[in-house]
Visitor: 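Once you've had a glance at the structure underneath, I'll fire off some questions.
Not measured: the values here are computed from a predicted model.
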Amino acid sequence: MAVKFAASPVTKGTMAISWPFLGVVGLLLVLNIASMDVLSAARAFVGAESLWSKGQKQALQSLERYARSGAEEDYLLYERAVAVPLGHRDARLALESPKPDPLVVTSGLVRGGNDPRDVPGMARLFRNFRHYGPVERAIGIWTDADVLVQDFVGLAQQLREPVQSGDRGRALALLEKLYAIDAQLTPYEEQFSFALGEASRQAKGLLLLATLLTAAILTTAGMIQTRRLVLSKHSMAASLEFSEQRLKLAIAASDHGIWDLDRINDVIHVSPHFMAALGHKDWPAETSVSNFLALLPQEDRELLAQTMRALRSTDYSLDVEFRVLSSSHGHRWVRANGSAVHNAEGQLTRLAGALSDITERKASQDQLFEQKERAQVTLQSIGDAVVTTDANGFVDYLNPAAETLLGLSTGAACSSAIAEVCRFIDENSRLALPHPIETALREGKSARLGAGAVLVRQDGGEVALDASAAPICGRNGAVLGMVLVLRDVSRERAIAAKLSYQATHDSVTGLINRREFERRLSLALESARDAQQEHVLLYLDLDQFKIVNDTCGHAAGDDLLRQVASLLKTRLRAGDALARLGGDEFGLLLEHCPLEHALRIAEQLRQAVVECRFVSGDRSFPIGVSIGLVNLDADDADLESVLSAADSACYVAKENGRNRVQVYHPSDRELALRHGMMQWVTRIQEAIDEGRLRLFAQRIAPARAADGDRLHLEVLLRMVERDGRLVPPMAFLPAAERFNLMSAIDHWVVRSTFETLARHAAGTVALCAINLSGISVCDDRFLEFIKTEQARYGITPAMICFEITETAAISNLAKASKLIDELRGLGYSFALDDFGSGMASFGYLKQLPIDYLKIDGSFVKDMLEDPIDCAMVEAINKIGHVMGIKTIAEFVENDAILERLCDMDVDFVQGYGVGKPEPLEMVMETARSSLLMAS
């Protein structure tokens, strides 16, 4: 129901009187604010003119000193001084545009030395009054002066060349021109100040005129409102006198009427004011009975006549209700009560009494009946069961839904105690629940049964339901009865149970899923910490699942998972939690289980799986399982670290030959290495997401080239920790390779390198080498990625050389050869990195169309001391040259190694003796600067 708040008469009257004054005062306030804003802006422009003039003069003085001294700091002082008029010019141009850029306006005026707080007012004055006489003249002067300033700036730029070349005569000639421009600017400065002063004076005059007009309006409004107030006072006085008279009449009169029936003369008297209230304003003080009866409907007329005929004794009183037609063709209900007067012969001679208008009472009764009927029909129709009782808890009503739910009729249930008709138990504990009717009676407020309530019917049947009870109270708050509402929720609970099961169980195996398993594992960790209880976590990974899945299809793989799940469940204790964690991985939580017993269970499970052979069609597959085992004790930190440790142990079990049990020990070096690598995964992903990877570069120099050649470099990768420390690649790349992050890293390196080269490489880089992982070499989508990035950044393929390691190339020889052929066809070159360190033979070089062969640094760094290393370097270099492949020696640490490599005719060298890795952008900026200086 909406609630409306009406203003009080006092508030309305106050507003009616004061609104004109408030409007005038508001207008005056607006005029004053606007005028102050204009004057403040004009003052700011005057100050700006002073700054403009001062900046221009200082610029001239700085140029004069520069022309004589040639000192660069004098020219810098000129640029700093001339920035003031130039800033004002930029602001003016922005303000003259149809849609000024606020940032440009603010930047220009602030560079002109203006207070940022004055900028909005100056902009408003310029935009709103630019076509107003004095302001328009000032802007015109400003524009003309800016043209001279532009000439001034142009001459100043021309001055640099003669000053730097020592042509003093030309420098003095240009200085004279600058003096001439300065002389032309001086009158403009005076005219600008005069125009702004004139604008300020006119604004002051307009403000005074507006103030006088506002005062006149305020005085006139006050006189008008005063007159209205006097007239209103007289009107209110007359109205008050009339209201007092009417109130006296209302008090004197009664809302009841008097009637007096004279049977002898057949006339009746009815109070005129009562009849007027019924709509008959001109009703006479006395009229015939027939005239009065004519106002009654026929059936009511007969009822009244019958009642009057029944008055035979002197003690007989009359009380009758009938309708009277009103002037609006409706009717009003009237109640007549009174007494009969008889003569000595016992004849009825007179009836007299009171009349009451009971129309509203009759309407209320009809409405109450309708509401009761509506409630009765509603109760008969709704699907919820409704039971009502008296104040003592005995049943007095059941609607049809309740009769169906309880299996009782209303007649059989009435007068029975509610506890006998409805009995409730908990569906889990099977214990009796407090009856909501008894609870509501005792507490005097609504009561509801909690979730899980079940109704036990008279025939022993059970129904899951929601039950609530509430008291029915009278006006005085006393409890008159109770209402119990029952709703059958059997279907909803069945659906909820099904959804709950699906949310916590794996759809393939029927085991609990990872989410539910992690919840139980968290509880086990809490009990291990708080109650010093011992539990064990097993992480199981099927060894041959991928073969079955790939060979026989996913349906067979699902059958295998179900078969293994059923097999494992038969070997477990009643309270053990077995879950499918995903793919072919299972988790097992052994609560209250010592480590030794857990090891026996793990071995039994492994043996059971080994003894099982999976058959699909005409094929049979041996199955194995690798199990990682972690003992949960009070020292275990959290869920994530425990699962990570179990996964690490399982991985080591696979690495050590599969089909075995591996116990996690923090001191185990192999497990610690695996666990540490897993920790790196999150750090690497965060570094990629947060932009904390950095490109470095190390120069690759021709063995016999002179300095000044364009850059030939190799791009290297570093990671920046959140504290700013640089992490070398060998600290995190092994983890990235192990956990399939190298593709994302390769994409980032290629994209970032291309973007950096596009910005800096023009004329400075001859060849840039980028390392690729074996993952990218085998990725069929990598070629399209390279083409897309090349088109995006406009990279020339001839300046890019991709490096792949010997191991990556040989282990994926077919795909490596295909990728190299396709990229070389686009113009890219390739290098085989770390040659000699892996499993390759020289014969593989015939199958790899490469351009560069990088000799592994492990041979180069000790080649002066180890003749075998020296021979390896020489052999690789010679074979490369015979095949038309250029060679690059890595790990060149000093001049002695460099000299020996030159003797061998190695083409290029790389190492700390040539140049240390530096940030890529820094290397390219340095190269560009060197190139500019050389040119």
Visitor: Going by atom types alone, do D834 and T805 pair a side-chain donor with an acceptor below 3.5 Å?
Guide: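 Their side chains do not contain a donor-acceptor pair, so the 3.5 Å distance test is not met.
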Visitor: Which atom pair, heavy atoms only, marks the closest approach of H747 to S743?
Guide: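 Result for this residue pair: ND1-O, 2.7 Å.
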Visitor: Is there a side-chain contact between V463 and R457, using heavy atoms and a 4.5 Å cut-off?
Guide: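 Yes, side chains in contact.
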Visitor: Salt bridge or not for R514 and E518, using N-O below 4.0 Å?
Guide: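 Yes, this pair counts.
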Visitor: Please state whether the rings of F754 and Y828 are parallel, tilted or perpendicular, taking 30° and 60° as the class boundaries.
Guide: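 Ring orientation, 0 to 90° scale: parallel.
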Visitor: Is there a donor in the side chain of D543 and an acceptor in the side chain of S626, or the other way round, less than 3.5 Å apart?
Guide: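 There is such a pair between these side chains.
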Visitor: Give the ring-plane orientation class for F782 versus F785, where under 30° counts as parallel, over 60° as perpendicular and anything between as tilted.
Guide: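 Ring orientation of F782 relative to F785: tilted.
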Visitor: Hey, are K787 and E822 close enough for a salt bridge, meaning a charged N less than 4.0 Å from a carboxylate O?
Guide: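 No, no charged N to carboxylate O under 4.0 Å.
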Visitor: Salt bridge or not between R600 and E596? Use side-chain N to carboxylate O under 4.0 Å.
Guide: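 Salt bridge between R600 and E596, a charged N being under 4.0 Å from a carboxylate O: no.
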Visitor: Looking only at heavy atoms, which two atoms of P436 and A447 are closest? And how far apart?
Guide: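 Between these two residues, the closest heavy atoms are O-CB, 3.7 Å.
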Visitor: Are the side chain of D833 and the backbone of I804 linked by a donor-acceptor contact shorter than 3.5 Å?
Guide: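 It does not hold such a pair.
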Visitor: Is there a donor-acceptor pair under 3.5 Å between the side chain of R529 and the backbone N or O of Q532?
Guide: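 The answer is no, because no donor-acceptor pair under 3.5 Å joins these two groups.
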Visitor: Which one of I623, N659, I627 satisfies the side-chain contact (heavy atoms from CB on, under 4.5 Å) criterion with V609?
Guide: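 Considering I623, N659, I627, a side-chain contact (heavy atoms from CB on, under 4.5 Å) with V609 is found only for I623.
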Visitor: May I ask you to say whether R781 pairs ionically with E784, meaning some side-chain N is under 4.0 Å from a carboxylate O?
Guide: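 Looking at R781 and E784, the cut-off is not met.
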Visitor: Do L643 and L521 come within less than 4.5 Å of each other through their side chains, counting heavy atoms only?
Guide: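 Result yes, sub-4.5 Å side-chain heavy-atom pair found.
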Visitor: Kindly give the heavy-atom pair with the smallest separation between P594 and V536, and that separation in Å.
Guide: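 Here P594 and V536 meet closest at O-CG2, 4.2 Å.
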Visitor: Would you call D559 and R562 a salt bridge, using N to O less than 4.0 angstrom?
Guide: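 Looking at R562 together with D559, the answer is yes, because their closest N to O distance falls below 4.0 Å.
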